[in-house]
Amino acid sequence: MNRDHDAYETLASVYALGALDGDDLAEFEAHLARGCERCAATLSASEETIARLAAEGPRRTPPPEVRRALLQRLEATAPRRERAAGRSLWLPWMLGMAAAVIAAIWVTGGFIAARYEARLDRMTREAAEARERLRQEQDGLRAELQRYAGVIELLRDPATRVVTLRGAGAAPEAGARLVWNETRGGQLFVTNLPPAPEGKAYELWTITGGRPRAAGVFQTDASGKGTHAVEAAPGGKPVEVFAVTVEPAAGASSPTGPIVLASAK
Amino acid sequence: MDPGADLIRRMAAGDRQAFAPFYDRFAPLVYPLVLRIVRDRQDAADVLQDVFWEVWQGAHTYDPARGSPEAWIVMRARSRAIDRVRAVRRRSETFVAPLDDSVAQAPAGGGADAASLAADRETALARLPEPQREVIELAYAAGLTQTEIAERLKQPLGTVKSRIRLGLERLREAFGGAP
Ligand SMILES: [Zn+2]
């Protein structure tokens, strides 16, 4: 087709072995899909060679379960015509893909069908994974939204105050704001606090009359951000100091580790 | 008519009786290929089942004018096996390393296929010049891509590609030219 056509025939050999990747793969498939007879012939010859390679290799009877499973499956199959009707259950986009596959088979011949079918299968799988990932992201966003809605609600209450916590000890860069309501609890927002060491977590303490009370453990992400919902202290006594220490991941009942964040008294 | 092609034609017409003889004829041929690529008996059994089920469902796509039944089934089986092993490698993010010992060594379990392809001096593959035999084995038996082969052998990609082509051309001659 042009003076570089020889390069395509090289790609055809690599393609037949399933070893083509990257741009070469896309380029060759596009070339083949335009209906190049010479490459189709090279591909076909390479495939016959590979089949001969297989034929001179060892024979080995597969595990008998495979045969049994296939024959059972066959037994359970309705005659072919009914099976064709079942395909209408495919999602519309799958139909689009199937049309592309059919077009590919029609243009270039049946021999690349297997590869397209395999890819179709993979795309279906990847689409399912992507849906799952989106669902998880959506759940995460919804939870975050609820948290913010809760904070806004809290801020409407005149009794709510915003407490600033400053970094201390090993985390001088760290900082936090706590939206706090003595009777309703609050929400802690932490920044610049590196993730706790393996097996450890950060624990928040509310200190009243010099006595610390555990107010839950939390983690921060790789960017040093974290947030933590805090329940109101029972008894309703005003909290004097908020502090965060490094503790075992399950939390401690009284502070044992170094203080990384504390509010001014 | 080629007996394999005849079985495929019958399957395409919905003849379920043709399936078992087709399986018995071709499964022992493709099973070692699949096992060698995926290197796990359970995975190989899964792939084999998928391949033969697809063959039953897609028998009508076989065109005897375009190639032999052997090539048809071998290409399908290799393509599925390669997909499987690459998906596993993508997931585990261990790219070339797990396959490092796959070429010289037999697939898990040993047995009749334990002899390395290269060790058998009688095969056409074994008689290829070393640089060509090496790249063909890495692609054919281990299922590596051209890029992976180039990285492994520390050779330019272009060299790997042309060695593959040259190797396949020589094999084709050794097998007696055009099919
Ligand atoms: Zn071409």
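Letters go in sequence order (proteins before strands), and every chain restarts at 1.
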Exercise for review: Applying side-chain contact (heavy atoms from CB on, under 4.5 Å), run through A:Glu48 and B:Ser68 and close with a yes or a no.
Suggested key: CA-CA 7 Å; A:Glu48 293 300 333; B:Ser68 65; 2.6 Å; yes

When you measure from the side chain of [X] to the backbone N and O of [Y], does any donor-acceptor pair fall under 3.5 Å?
X: A:Ser13; Y: B:Leu166; answer: no
X: B:Arg16; Y: A:Leu74; answer: yes
X: A:Arg67; Y: B:Tyr23; answer: no

Using every non-hydrogen atom in the two residues, find where [X] and [Y] come nearest and quote the distance to one decimal.
X: B:Phe175; Y: A:Thr49; value: CE1-O, 3.6 Å
X: B:Ala20; Y: A:Leu71; value: CB-CD2, 4.2 Å
X: A:Leu70; Y: B:Phe52; value: CD1-CB, 3.6 Å
X: B:Pro32; Y: A:Pro58; value: CG-O, 3.3 Å
X: B:Leu125; Y: A:Glu56; value: N-OE2, 3.3 Å
X: A:Ala16; Y: B:Met75; value: O-CE, 2.9 Å

Between [atom1] on residue [X] and [atom2] on residue [Y], distance to nearest 0.5 Å:
X: B:Gln49; Y: A:Arg73; atom1: CD; atom2: CZ; value: 5.0 Å
X: A:Leu25; Y: B:Gln146; atom1: CG; atom2: CD; value: 8.5 Å
X: A:Asp24; Y: B:Thr147; atom1: CG; atom2: OG1; value: 7.5 Å
X: B:Arg172; Y: A:Leu53; atom1: CZ; atom2: CG; value: 14.5 Å
X: A:Glu75; Y: B:Phe19; atom1: CD; atom2: CZ; value: 12.0 Å

Review point. Do you know which of A:Ala51, A:Ala54, A:Pro62, A:Ala69 has the most heavy-atom pairs with chain B at a distance under 4.5 angstrom?
Key: A:Pro62

Exercise for review: Look at atom CD of A:Glu65 and say whether more than 12 heavy atoms of other residues, nucleotides or ligands are closer to it than 6.0 Å.
Suggested key: yes

Check your understanding: Do other residues, nucleotides or ligands put more than 12 heavy atoms under 6.0 Å from the CD atom of A:Glu173?
Key -> no

Practice item. Please name the residue in the list B:Leu33, B:Ile136, B:Leu168 that meets the side-chain contact (heavy atoms from CB on, under 4.5 Å) test with A:Ile50. Key: B:Leu168

Review point. Under a 4.5 Å heavy-atom cut-off, does chain A meet the side chain of B:Asp24, its backbone, both or neither?
Key: side chain

Practice item. Give, as side chain, backbone, both or neither, the part of B:Leu171 having an atom under 4.5 angstrom from any heavy atom of chain A. Key: both

Practice item. Evaluate the criterion side-chain contact (heavy atoms from CB on, under 4.5 Å) for residue pair B:Val74 and A:Glu47; output intermediate values, then yes/no. Key: CA-CA 8 Å; B:Val74 163; A:Glu47 291 182 352; over 6 Å; no

Practice item. Identify whether the distance between the nearest side-chain nitrogen and carboxylate oxygen of A:Asp6 and B:Arg165 falls below 4.0 Å. Key: yes

Point to revise | Residue A:Glu9 versus chain B: region with a heavy atom under 4.5 Å | key: both

Point to revise | Worked verdict on B:Thr145 versus A:Leu20 for side-chain contact (heavy atoms from CB on, under 4.5 Å) | key: CA-CA 6 Å; B:Thr145 68; A:Leu20 211 55; over 6 Å; no

